[in-house]
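Data block below; observations after.
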Amino acid sequence: ENIGRPPAKRFLFDIVANKRNGIDVDKLDYFLRDAINCYGKPGIDCQISRLLSCSRVISAESEPQICFQEKVALSLEDIFLLRAKLHKYVYQHRTTKVAERMILDV
């Protein structure tokens, strides 16, 4: 897919909208924000600054990609579990779906 950047710089889009693994700064922001607003606490014990400092751009599969060190694997797992929890209990909740339909009807 040609997205306007040379292949060596395409990883820059992954910082904001990572389609490879779903971990990007935008999602980290709204997962934590939504967890705090819905549950009153962040939902995960993850230091975002540590996660970012343990990431590197490495050439994998013949193009540069954002990769994480193995020592943050449990933090990444917590993020994916939080994502699943938010989808199950908040984003896909029947009340949320009804409210979305009401807004669309307006």
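Since the structure is predicted, the reported quantities are computational estimates derived from the model, not experimental observations. As a basis for the values below, the full set of heavy atoms in this structure was taken, side chains included, without hydrogen atoms, waters or symmetry mates.
Taking Ile, Leu, Val, Met, Phe, Trp and Tyr as members and joining any whose side-chain heavy atoms lie under 4.5 Å apart, directly or through other members, I58 forms no hydrophobic cluster with any other residue.
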Identify each donor-acceptor pair in which a side-chain atom of residues 88-103 lies under 3.5 Å from a protein atom, sequence neighbours left out, and give them as a table.
from, atom 1, to, atom 2, distance (Å)
Y91, OH, D34, OD2, 2.5
H93, ND1, T95, N, 3.0
H93, ND1, T95, OG1, 3.3
T96, OG1, V90, O, 2.7

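Residues L81 and L32 do not share a hydrophobic cluster, defined by chaining ILVMFWY side chains whose heavy atoms lie under 4.5 Å apart. Linking ILVMFWY side-chain heavy atoms closer than 4.5 Å, directly or via other members, places I66 and V25 in a single hydrophobic cluster.
The two residues A35 and L82 make their nearest non-hydrogen contact at CB-CD1, 4.0 Å. The shortest non-hydrogen separation linking N21 to F68 is ND2-CE1, 4.1 Å. The two residues R50 and S75 have their closest heavy-atom pair at NH1-OG, 4.4 Å. Considering all non-hydrogen atoms of both residues, D24 and N18 come closest at OD2-N, 2.9 Å. Counting all heavy atoms, side chain and backbone alike, R20 lies closest to P64 at NH2-O, 3.8 Å.
Atoms CD1 and CD1, from I79 and I48 in turn, are 5.5 Å apart once rounded to the nearest 0.5 Å. Considering OG of S59 and CZ of F11, their distance stands at 11.0 Å, rounded to 0.5 Å. In this structure, OG on S62 lies 8.5 Å from CD on Q65, to the nearest 0.5 angstrom.
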Yes or no on side chain to side chain contact (heavy atoms under 4.5 Å, CB included) for L28 and L51, after CA distance, side-chain angles and deciding distance? CA-CA 10 Å; L28 289 173; L51 190 66; 4.1 Å; yes
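Residue-environment remark: CD (Q69) exceeds the threshold of 12 foreign heavy atoms within 6.0 Å.
Residue pairs satisfying the ring-ring contact (aromatic ring centres under 6.0 Å, His included) criterion with at least one member in residues 15-57, sequence neighbours excluded, are absent.
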